[in-house]
Every structure is written in C-alpha cells, then in structure tokens.
Amino acid sequence: MLRQMTLGDLETVLDWAAAEGWNPGQGDAAAFRAADPQGFFMAEQDGRLAAAISVVNHDADNAFLGLYICHPDFRGQGIGLALWTHALRHAGKRSVGLDGVPAQQTKYARAGFLFTGSTVRMEGTMHVQTGGQNPSLRLADPGDAGALLALDRAAVGYARSAFLSGWVLQTPGRRTVVADGPAGPIGFATARLCRSGGKIGPVIAPDTATALALIAAAARTLDLNRVALDVPQQNAALVNALREVGFAETFRTARMVRGAPPGQTASLQAVATLELG
C-alpha cells in the first residue's frame, strides 16, 4: 500500500536514516513537514512500514526529492521503485533535485536526472575564541525573517519559504546566527544538534571569511566541538579553508536535477540538509 506519511512515520524514517549513518538533526522532522506536508510518502507491505520518500514542492517551479530509503527487510522487491514513481507525480511539471550517493548516479540518470555537481561533507573540530566576538554577528530574531528568506532565495535560486521558516526557528537544539552589513543582514548560518555531534547549514555568506565567522559563531551557540557541513564542491575556497583548520571530507553526494537546474549562486556556502536540499 502506498500512502502519505504521518509525522510519526517520519520519526521512524529518520531512525532508519540514522541507522544508515545519515545522522539526522534533532527537531528536523517538524521542519521537514512544514516544507510541504503533502510531499511525504510511505509504502507498507504486510502491515509493516517498508519504504519512504519525500518530494517537497518548494515553489511553482522547483521540488526536491529526499528521504528515499527502503527498510532492509524489503529491499530488492520493487517496493522502493513503485513508491518513487508514485511520489514523483506530486512534483507535476516542476524541476526536481536530489542528493544521491555516487553509486546510484547511473540509476538516477536513467530516470532523467542530470549531474550538476557534488556536495562534500566536511567534518572537524571548530576551534573558536570565546572573547572578542565580531560585533556584526548576532542571534537571529523574528524581525530577520524577510531578510533571511531573501538571502536564501538568492543563494539557492528559488523560494523555499515554508521549509526555511521552520528550519531557522530558535530552539534549545537549533540556533541561527546572522551577519550584519551596513544595510542589514548579509548572511546567516543555522547550527543544530544531531544524534551525534552537530551540523551547520545552511551557511549563506558573500565570501569565505564571513562564512567561517558564521560557522564558528553558530557552533559556539550550541557549544559544539565537532561539526559537519555539506559544502557544494564549486565552493572550493570554503572546502580549502576548512581543510586548513583540520577538517576532512567524510562523505559526498551527487547533486542531480530533472528539468532546469535552479540558479544557485556562490553565496550558498553550505546546504541546509542533504535530505531536503
């Protein structure tokens, strides 16, 4: 049986993802569902949850596919493929992006997805000073919502208002830091606690120096020591800067798109999450 996913199902699916080494963030489920509540799908077999997928419609022209996972007990039976076909109908004529492991790149290409670049997971210890903080960096407040949405849209190439509004909420396990310029916010970064350590993303900044300052400040808000960031390979300057302070690549995915790719810019220093782009 193919059906829409409930919030309880989503929590279970994120447990599956954790077992596969994806290391989801605490509180991700609510933010994911806020993006497009109708865009999450489950397959059941013999009364058990068998496979999951999301196809989130962000705006009239762009969707993102994620959380594509089949429980080990049901692999190789065509269940995942049936759910994939069913869920993609939700996108309609929208362009659809995904982040897939390179080993599956050929399979996604057969489904009409074209490779547009890699995303590199960089992990390491963020050494930060506790004093002399940059006065242009501060915690985001509700009045920043419009500016953050505009910065995000310019960086990723499309509007994902529902997703971002849920993603940047300030909670005990999630903090968003803003970099201010003379005319207002010029960048931001969101840190969140994960089942192991923490992740920071998105990181949106006009240059590498601002990105590094935001990363350090965001890590500090949650007392994070070891953190992970998912950096578009095109942002080689940030990858190299992170290597210089001891970070290492631990994982990478292939960003693939069916349809016209959105106009992503270099200000997208690190993506929010590999599950939803």
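Start at 1 with the first residue, then count along the sequence.
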Short side-chain donor-acceptor distance under 3.5 Å, D9 and T12 = no

task = Hey, can you tell me if F40 and F32 have their rings parallel, tilted or perpendicular (30° and 60° cut-offs)?
result = parallel

message = Using a 3.5 Å distance criterion without hydrogens, assess whether the side chain of D144 forms a donor-acceptor pair with backbone atoms of D141.
response = yes

request  = Working to the nearest 0.5 Å, report the span between CG of N225 and CZ of R220.
outcome  = 13.5 Å

key: Candidate list R192, R195, K199, test salt bridge (charged side-chain N to carboxylate O under 4.0 Å, His left out), partner D28, passing option   = R192

Check: M5 and V13 side chains under 4.5 Å, non-hydrogen atoms = yes

ask   = Is a donor on one side and an acceptor on the other found under 3.5 Å between the side chain of Q4 and the backbone of Q38?
value = yes

key: Close side-chain approach of T119 to V231, heavy-atom, < 4.5 Å   = no

query = Are any of the side-chain heavy atoms of F64 and D99 separated by less than 4.5 Å?
reply = yes

key: side chain to side chain contact (heavy atoms under 4.5 Å, CB included) evaluation trace for S165 with L149   = CA-CA 8 Å; S165 296; L149 290 172; 4.3 Å; yes

query = Quick one: does Y68's side chain have a donor or acceptor within less than 3.5 Å of a partner on E275's backbone?
reply = no

ask   = For R48 and D73, what are the C-alpha separation, side-chain angles and deciding distance, and is it a salt bridge (charged side-chain N to carboxylate O under 4.0 Å, His left out)?
value = CA-CA 10 Å; R48 295 176 57 195; D73 291 350; 2.8 Å; yes

request  = State whether the side chain of Q170 and the backbone N or O of T176 hold a donor-acceptor pair below 3.5 Å, judged by distance alone.
outcome  = yes

request  = Kindly give the heavy-atom pair with the smallest separation between V96 and F113, and that separation in Å.
outcome  = O-CE2, 3.3 Å

request  = Could you go through the side chain to side chain contact (heavy atoms under 4.5 Å, CB included) check for N62 and V156 one step at a time?
outcome  = CA-CA 11 Å; N62 297 276; V156 304; over 6 Å; no

request  = Before giving the answer on salt bridge (charged side-chain N to carboxylate O under 4.0 Å, His left out), spell out for D180 and R138 the whole-Å C-alpha distance, their side-chain angles and the decisive distance to 0.1 Å.
outcome  = CA-CA 8 Å; D180 281 324; R138 58 175 175 80; 2.6 Å; yes

inquiry  = Using only atom types and a distance under 3.5 Å, with no angle test, would you say the side chain of R160 pairs donor to acceptor with the backbone of A35?
reply    = no

request  = Would you indicate whether the side-chain heavy atoms of I69 and W22 approach each other to under 4.5 Å?
outcome  = yes

ask   = Are N57 and H90 linked by a side-chain donor-acceptor pair shorter than 3.5 Å?
value = yes

inquiry  = For a quick test of reading the model, state the closest non-hydrogen atom pair linking A211 to L238 and the distance between them.
reply    = CB-CD1, 4.4 Å

ask   = Would a 4.5 Å heavy-atom cut-off, applied to side chains only, mark T273 and F163 as touching?
value = yes

key: Donor-acceptor contact below 3.5 Å, side chain S54 vs main chain V56   = no

inquiry  = Side-chain heavy atoms nearer than 4.5 Å, only ILVMFWY residues, links allowed to pass through others: does that put I53 and F74 together?
reply    = no

ask   = Can R75 and E20 be said to form a salt bridge (charged side-chain N to carboxylate O under 4.0 Å, His left out), step by step?
value = CA-CA 14 Å; R75 292 175 183 169; E20 297 287 331; 2.8 Å; yes

query = CD/E11 to CH2/W16 distance, rounded to the nearest 0.5 angstrom?
reply = 13.5 Å

Pairwise distance CD1(I204) to OG1(T265) - rounded to 0.5 angstrom = 8.0 Å

query = CG of D46 to CE of M1: how many Å apart, nearest 0.5 Å?
reply = 11.5 Å

message = Would you say that V120 contacts M122 through its side chain, given a criterion of any heavy-atom pair below 4.5 Å between the two side chains?
response = yes

request  = Report the C-alpha distance between R121 and E249 in whole Å, list the side-chain angles of each, state the deciding distance to 0.1 Å, and finish with yes or no for salt bridge (charged side-chain N to carboxylate O under 4.0 Å, His left out).
outcome  = CA-CA 6 Å; R121 175 160 296 170; E249 178 183 337; over 6 Å; no

inquiry  = I need the Y158 OH to R94 CZ distance, nearest 0.5 Å.
reply    = 12.0 Å

request  = Evaluate the side chain to side chain contact (heavy atoms under 4.5 Å, CB included) criterion for residues L10 and R33: first the C-alpha distance (whole Å), next the side-chain angles of each, then the deciding distance (0.1 Å), finally the verdict.
outcome  = CA-CA 9 Å; L10 181 53; R33 285 271 293 181; 3.3 Å; yes

ask   = Same cluster or not: are V168 and V177 linked, directly or through other Ile, Leu, Val, Met, Phe, Trp or Tyr residues, by side-chain heavy atoms under 4.5 angstrom apart?
value = no

key: Donor-acceptor under 3.5 Å (S95 side chain, A260 main chain)   = yes

query = Under the criterion side-chain contact (heavy atoms from CB on, under 4.5 Å), which of L98, V271, L114 is the partner of R255?
reply = V271

remark   = Note: L139 and R175 closest approach over all heavy atoms is CD2-CD, 3.9 Å

inquiry  = Please determine whether ring pair (Phe, Tyr, Trp, His ring centres under 6.0 Å) holds for the pair H86 and F41, giving the CA-CA distance in whole Å, both sets of side-chain angles, and the decisive distance to 0.1 Å.
reply    = CA-CA 9 Å; H86 172 76; F41 304 90; 5.5 Å; yes

key: Exam field: side chain T210 to backbone P206, donor-acceptor pair closer than 3.5 Å   = no

ask   = Less than 4.5 Å apart, any side-chain heavy atom of P185 and any of L151?
value = yes

query = Any idea which heavy atoms bring A109 and M256 closest together, and the distance?
reply = N-CE, 3.9 Å

ask   = Which class fits the ring pair W84 and Y108: parallel under 30°, tilted 30 to 60°, perpendicular over 60°?
value = parallel

R252, CZ atom: more than 12 neighbouring heavy atoms under 6.0 Å = yes

key: Shortest non-hydrogen contact from L212 toward A241   = CD1-CB, 3.8 Å

Interatomic spacing from CG in L164 to CG in L148 - rounded to 0.5 Å = 6.5 Å

ask   = Closest heavy-atom contact between E123 and A228?
value = CG-CB, 3.5 Å

ask   = Is the shortest heavy-atom distance from the side chain of L229 to the side chain of V203 under 4.5 Å?
value = yes

